[in-house]
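The figures here come from the full heavy-atom set of this structure, side chains too, leaving out hydrogens, waters and symmetry mates.
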Amino acid sequence: MTIAVNLLTEESDPFCLSPASAAGLLAGAPWRRFATIGDSLSAGTGDPSPGYANLGWADRVADILRRVHPDLAYLNTAEIGATTARTLATQTDRMIAFGPDLVHVPCGANDLFHPEPDFTAIERTLRRVFELAAGTGAQLTTFTLGRAFVVPRFPDWHDRVRALNAITRELALHHDAVLVDMWSHPVNSRPNLLSPDRVHFSTSGQAVMASELVKGLARVLGSHRETSG
């Protein structure tokens with residue numbers, strides 16, 4: 001199995017969409033102003049994987065949307081190491097001024113590195129980020145954290161991630177956000193999923209996240225078409 005995974009390429013990966021297929025799923029999509037805020041997960045940080053284009057998920061999604069609307073405007077203010085509080089303080093104003101119609105919001109991964117995370121404060125701050133993003137009228141998207149992401153110095157790491165993912169799921173539901181749930185995704189079992197830092201998904205994982213987000217956006221489009229039809 002490991003050998004088969006290591007031989008995968010972007011073209012043969014069963015979880016990846018080709019750019020043409022992805023653009024086909026988003027044909028007629030209304031989004032022309034795509035903004036991404038948050039941390040390294042939002043930024044699409046990750047090391048190269050053989051057989052996969054060296055692009056993060058956000059840049060991939062922007063490239064796909066440009067196939068639908070070549071004049072797409074794209075803003076990515078995400079910063080490596082940004083906490084939810086820092087995102088709220090330094091990025092939301094720029095996001096609002098940009099006037100997006102599609103916004104990706106973070107799920108607070110860096111808040112978990114505190115010796116004793118305050119989940120009440122995390123929920124309050126993350127809720128405000130979601131509210132500000134939703135206030136633009138944009139379609140929201142977000143991820144949950146995958147279970148492959150482990151920090152050994154915190155023995156309760158998976159409990160922390162579960163608690164944070166629960167907050168993210170609730171906020172996503174409240175704001176009708178497209179939620180890509182990476183916690184239970186089969187890609188977590190791949191031995192080459194993580195970058196050498198053992199934190200960020202490599203570009204193979206970035207490709208999967210981009211494809212899953214496109215599928216989620218396509219479901220939104222399908223729902224709207226059914227309603228209007």
Side-chain angles (χ1 to χ4, degrees), residues 13-38 41-44 55-78 87 91-92 95-96 98-108 126-146 165-187 201 205-229:
D13 192 322
F15 298 119
C16 287
L17 297 168
S18 70
S21 295
L25 286 176
L26 298 186
W31 305 298
R32 295 173 181 268
R33 300 187 68 79
F34 173 36
T36 301
I37 61 174
L41 177 57
S42 294
L55 286 171
W57 74 265
D59 290 347
R60 288 170 177 272
V61 171
D63 285 349
I64 291 162
L65 288 170
R66 284 194 186 100
R67 287 174 173 251
V68 180
H69 294 296
D71 61 345
L72 177 83
Y74 172 43
L75 174 73
N76 193 330
T77 64
T87 298
Q91 298 181 41
T92 53
M95 177 267 295
I96 292 169
F98 178 67
D101 53 19
L102 180 65
V103 179
H104 184 84
V105 290
C107 59
L126 196 55
R127 182 176 294 278
R128 184 58 180 154
V129 171
F130 269 76
E131 287 172 349
L132 289 171
T136 65
Q139 170 66 54
L140 305 189
T141 72
T142 193
F143 297 124
T144 58
L145 296 175
N165 283 349
I167 293 170
T168 302
R169 291 188 186 104
E170 190 225 340
L171 292 173
L173 180 63
H174 181 73
H175 290 286
D176 292 324
V178 171
L179 173 68
V180 176
D181 197 339
M182 294 306 299
W183 171 259
S184 57
H185 197 287
V187 79
F201 280 13
Q206 301 290 325
V208 171
M209 288 196 296
S211 293
E212 295 295 353
L213 187 54
V214 167
K215 293 173 190 175
L217 290 171
R219 286 191 290 271
V220 170
L221 288 177
S223 175
H224 287 174
R225 287 165 183 157
E226 289 174 9
T227 302
S228 61

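Nearest heavy atom pair, residue Ser42 against residue Ala78, reads CB-CB, 3.8 Å. When all heavy atoms are compared, the tightest approach of Ala58 to Ala43 is CB-O, 4.5 Å. The heavy-atom pair separating Val105 from Thr142 by the smallest distance is O-OG1, 2.9 Å. Between Ala27 and Leu221 the shortest heavy-atom distance is O-CD1, 4.4 Å. Nearest heavy-atom pair across Pro106 and Thr87 is CG-CG2, 4.2 Å.
Within the model, atoms CZ of Phe34 and CG of Leu72 stand 8.0 Å from one another, a figure rounded to the nearest 0.5 Å. Distance CG/Leu171 to CD/Glu131: 8.5 Å, rounded to 0.5 Å. To the nearest 0.5 Å, the span separating CD1 on Ile64 from CG on Leu17 amounts to 7.0 Å. Atom CD1 in Ile37 sits 8.0 Å away from atom CG in Leu132 (nearest 0.5 Å). Separation of atoms CD1 (Ile167) and SG (Cys107) is listed at 10.5 Å; rounding is to 0.5 Å.
Between Asp63 and Arg60, no side-chain nitrogen of the basic residue sits less than 4.0 Å from a carboxylate oxygen of the acidic one, so the salt-bridge criterion is not met. Of the charged side-chain nitrogens involved, none lies within less than 4.0 Å of a carboxylate oxygen, so that Arg32 and Asp101 do not count as a salt-bridged pair.
In this structure, the side chain of Thr144 engages the main chain of Met182 through a donor-acceptor pair within 3.5 Å. A donor-acceptor contact shorter than 3.5 Å links the side chain of Gln206 to the backbone of Phe201. At distances below 3.5 Å, not a single donor-acceptor pair connects side-chain atoms of Glu212 with backbone N or O atoms of Leu179. With His175 contributing its side chain and Arg127 its backbone, the two residues share no donor-acceptor pair below 3.5 Å.
Side chains of Asp176 and Val220 form no contact here, defined as non-hydrogen atoms less than 4.5 Å apart. Under the 4.5 Å side-chain criterion, counting only non-hydrogen atoms from C-beta, Leu65 is in contact with Leu102. In this structure, Phe98 and Thr77 have side chains that are not in contact, with every pair of non-hydrogen atoms separated by 4.5 Å or more. Between Met95 and Thr136 there is a side-chain heavy-atom pair separated by less than 4.5 Å. Inter-residue side-chain proximity for Val61 and Tyr74 is flagged as unmet; no heavy-atom pair is nearer than 4.5 Å.
When each of Thr141, Thr36, Asn76 is paired with His104, the side-chain hydrogen bond (donor to acceptor under 3.5 Å, both in side chains) condition holds for Thr141 and for no other.
Residues meeting the salt bridge (Lys or Arg N to Asp or Glu O under 4.0 Å) test with Arg169, sequence neighbours left out: Asp181.
A ring-centre distance under 6.0 Å is found for Phe15 and His185. In this structure, Phe143 has its ring center under 6.0 Å from that of Trp57.
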